[in-house]
Amino acid sequence: MAGGTPRPTARGWGLLASGAVLCGGGLGLGYLVPGVLGALAVLAVVLAVPVAGRPPAARVRRRATASRVRAGSAVTVVLDIEPGGDGRSAVAERVAGPGPAVVLPLGTARPRIRYLLSAPRRGAVEAGPLSLVRTDPLGLVRAVRAADDVPVRLLVHPRHYRLAVVPAAGGGGRDTSSASVRASEGAFAGLREHVPGDDVRQIHWRTSARRGRLMVREHMDSASPGMTVLVDDRYGPAELDALAEAAASIVASAPDVPVELRLAGGARSPATAGTTAHLDVLAEARARPGADFPAACAGLRSAPSGPAVVLLSTRAAPEDVAAAMRVLAARRTLSLVGLIGPGGPGDGMPAPYAGARLLRAPDAAGFAAQWNESRWWAR
């Protein structure tokens with residue numbers, strides 16, 4: 001615990017300054033009344049310190065009704081405060097999220113407090129720590145003491161929209177109950193560094209011991225190709241939010257289909273990770289201006305043989321769109337480039353290639369509508 005010493009507020013500092021001027025000027029110039037008024041002003045601030053007092057020490061147990069939530073929703077946060085309220089202290093909760101941190105006033109301290117924490121945007125939200133606050137009736141001094149507690153972290157998943165399932169990625173009525181397992185089988189393709197969500201059975205222990213970090217086997221999947229999604233994460237929050245929503249729509253619309261999620265900045269969620277892990281990666285995605293997008297596109301050449309989807313912002317250069325189209329056109333399966341964001345098509349955009357389709361949409365909702373209407377995978 002920390003803090004708790006009463007300190008003047010902005011009003012208190014103003015009164016102290018005014019009192020000092022009146023007191024010094026009045027007495028110095030021989031004017032008694034201004035001098036007395038100044039002294040009373042200073043005395044009022046001094047007396048406000050014991051009136052406000054120091055908030056008591058408190059311990060907080062905090063829990064949320066969910067650790068993950070969809071953007072636009074809310075969760076209930078429950079605070080158990082020990083000891084209970086003293087009738088004089090107010091409590092305030094610090095909440096830090098994708099935007100600037102804010103302090104939520106929660107009223108007078110009491111043994112149990114519940115409040116709704118809204119999550120308007122994707123990202124990671126941290127609730128806590130809690131502070132106990134005391135002030136005098138005139139608002140001249142204020143004492144703040146941090147409670148002994150542990151903040152809770154909430155992941156806000158992107159909004160997502162229902163998409164039609166691409167048949168080549170898991171339609172046709174086949175049994176997909178073990179699709180995520182079959183996605184890790186097939187021809188050996190090489191070794192890569194372990195990421196959260198990887199099957200521990202695929203760890204190559206000998207290479208891991210030699211390199212000093214976990215390495216896993218990567219396989220080409222011939223029986224169940226699934227889908228690979230690449231998100232261009234080089235731009236700001238507004239652009240990345242729209243792309244994350246489009247990617248979330250793809251991975252959430254077919255939970256039984258293995259989907260490998262890649263970000264141009266290097267983050268990756270393998271096909272074995274599952275929908276929740278994919279949405280976690282998208283929730284925490286941050287702009288990576290220095291990402292090598294052409295190299296990320298080139299990496300799709302060795303991706304599983306199923307359809308690939310590359311999602312770019314309309315701020316992307318025409319040559320980036322062309323690079324994505326060329327790589328996808330060389331794949332054996334018809335694939336897609338999604339160009340999402342406000343504005344027109346721009347100059348110099350490449351014509352669609354024979355093996356790839358191009359969808360343009362102003363936002364993720366428009367992308368979902370065009371996906372469902374166009375059935376782009378149908379030749």
**Report entry** Intermediate values then yes/no, side-chain contact (heavy atoms from CB on, under 4.5 Å), R268 and L261
**Finding:** CA-CA 6 Å; R268 182 177 177 274; L261 176 66; over 6 Å; no
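- Applying the side-chain hydrogen bond (donor to acceptor under 3.5 Å, both in side chains) rule to pairs touching residues 90-106 yields R62-E93, E93-Y115, sequence neighbours excluded.
- Interatomic distance, CG of L132 versus OG of S89, reported as 5.0 Å (0.5 Å rounding).
- Side chain of R162 to main chain of S253: a donor-acceptor pair is present (N/O by atom type, distance under 3.5 Å, no hydrogens or angles).
- Scanning all heavy atoms of the two residues, the minimum distance from A356 to A329 falls at CB-N, 4.2 Å.
- The two residues G4 and A143 make their nearest non-hydrogen contact at O-CB, 3.6 Å.
- H160 NE2 to T275 OG1: the interatomic distance, rounded to the nearest 0.5 Å, is 9.0 Å.
- For the pair P6 and G53, the tightest heavy-atom approach, listed with the atom from each and the gap, is CG-O, 3.6 Å.
- Note that CD of E260 and OG1 of T272 are 9.0 Å apart. Values are rounded to the nearest 0.5 Å.
- Under the 3.5 Å distance criterion, the side-chain polar atoms of S73 are left unmatched by any main-chain donor or acceptor of V69.
- With contacts defined as side-chain heavy-atom distances shorter than 4.5 Å, the pair W371/L336 qualifies.
- Put simply, the side chain of T5 does not reach to within 4.5 Å of the side chain of R145, judged on heavy atoms.
- At least one donor-acceptor pair closer than 3.5 Å links the side chain of T9 to the backbone N or O of G12.
- Residues V321 and L339 meet the side-chain proximity criterion, which asks for heavy atoms closer than 4.5 Å.
- Taking the side chain as every heavy atom from C-beta outward, L243 and E245 never approach each other to under 4.5 Å.
- Contacts of R68 classified as side-chain hydrogen bond (donor to acceptor under 3.5 Å, both in side chains), with partners at least two apart in sequence or in another chain: D280.
- Side-chain atoms of H278 come within 3.5 Å of backbone atoms of V259 as a donor-acceptor pair (strictly under, hydrogens ignored).
- Of the possible polar contacts, one joining the S335 side chain to the A308 backbone as a donor-acceptor pair under 3.5 Å is found.
- Taking 4.5 Å as the limit, some side-chain heavy atom of L311 sits within range of a side-chain heavy atom of I340.
- Atom CZ of R206 sits in a sparse spot, with 12 or fewer heavy atoms from other residues, nucleotides or ligands closer than 6.0 Å.
- No single ILVMFWY cluster, assembled from side-chain heavy atoms under 4.5 Å apart, contains both V103 and L79.
- Scanning all heavy atoms of the two residues, the minimum distance from R301 to A330 falls at NH1-CB, 4.3 Å.
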Requested in this report: Just do the side-chain contact (heavy atoms from CB on, under 4.5 Å) check on E82 and R61 with the steps written out, would you?
Outcome: CA-CA 8 Å; E82 298 177 359; R61 287 183 298 150; 3.8 Å; yes
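- Within the structure, the side-chain hydrogen bond (donor to acceptor under 3.5 Å, both in side chains) test picks out the following pairs touching residues 320-331 (sequence neighbours left out): R234-D320.
- Cluster annotation: L155 is not connected to V75 through the hydrophobic network of ILVMFWY side chains, with a link wherever side-chain heavy atoms come within less than 4.5 Å.
- Through chains of ILVMFWY side-chain contacts below 4.5 Å, L140 is grouped with W13, L15, L16, V42, V45, V46, V49, L138, V141.
- Y161 and V251 fall into different hydrophobic clusters, where Ile, Leu, Val, Met, Phe, Trp and Tyr side chains are chained together by heavy-atom contacts under 4.5 Å.
- Nearest heavy-atom pair, G226 versus V257, reported as atom, atom and distance to 0.1 Å: CA-CG1, 4.3 Å.
- For the pair R262 (side chain) and G299 (backbone), a donor-acceptor distance under 3.5 Å is present.
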Requested in this report: Test D241 against R121 for side-chain contact (heavy atoms from CB on, under 4.5 Å), laying out the working first.
Outcome: CA-CA 8 Å; D241 283 355; R121 284 186 55 200; 3.1 Å; yes
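- The line from CG of L328 to CZ of R357 is 11.5 Å long, rounded to the nearest 0.5 Å.
- Heavy-atom neighbours of R70 CZ from other residues, nucleotides or ligands within 6.0 Å: above the threshold of 12.
- Under the 4.5 Å side-chain heavy-atom criterion for ILVMFWY residues, no single connected hydrophobic cluster contains both F367 and Y235.
- A heavy-atom distance below 4.5 Å is not found between the side chains of I81 and R110.
- Formation of a donor-acceptor pair under 3.5 Å by the E239 side chain with backbone atoms of G236 is found in this model.
- Scanning all heavy atoms of the two residues, the minimum distance from P56 to R134 falls at CD-NH2, 4.0 Å.
- A donor-acceptor contact shorter than 3.5 Å is absent between the side chain of D233 and the backbone of L263.
- With sequence neighbours excluded, the residues satisfying side chain to side chain contact (heavy atoms under 4.5 Å, CB included) with P34 are L22, Y31.
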Query raised in the report: What do the steps show when you test T228 against V309 for side-chain contact (heavy atoms from CB on, under 4.5 Å), and what is the final call?
Result: CA-CA 6 Å; T228 304; V309 178; over 6 Å; no
Distance-only donor-acceptor pairs under 3.5 Å for side chains of residues 285-295, two or more places apart:
from: D292; atom 1: OD1; to: A295; atom 2: N; distance (Å): 3.2

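- Under the 3.5 Å distance criterion, the side-chain polar atoms of T65 are matched with a main-chain donor or acceptor of T76.
- Tracing side-chain contacts under 4.5 Å through hydrophobic residues (I, L, V, M, F, W, Y), one reaches V125 starting from L104; they form part of the same cluster.
- To the nearest 0.5 Å, the span separating CG on L37 from SG on C23 amounts to 10.0 Å.
- At a threshold of 4.5 Å between non-hydrogen side-chain atoms, the residues L300 and L230 count as touching.
- In this structure the side chain of L163 reaches within 4.5 angstrom of the side chain of N372, judged on heavy atoms.
- No donor-acceptor distance shorter than 3.5 angstrom exists from the side chain of S118 to the backbone of L116, with no hydrogens or angles considered.
- One distance of note links CG of L130 with CD1 of I113; it measures 6.5 Å at 0.5 Å rounding.
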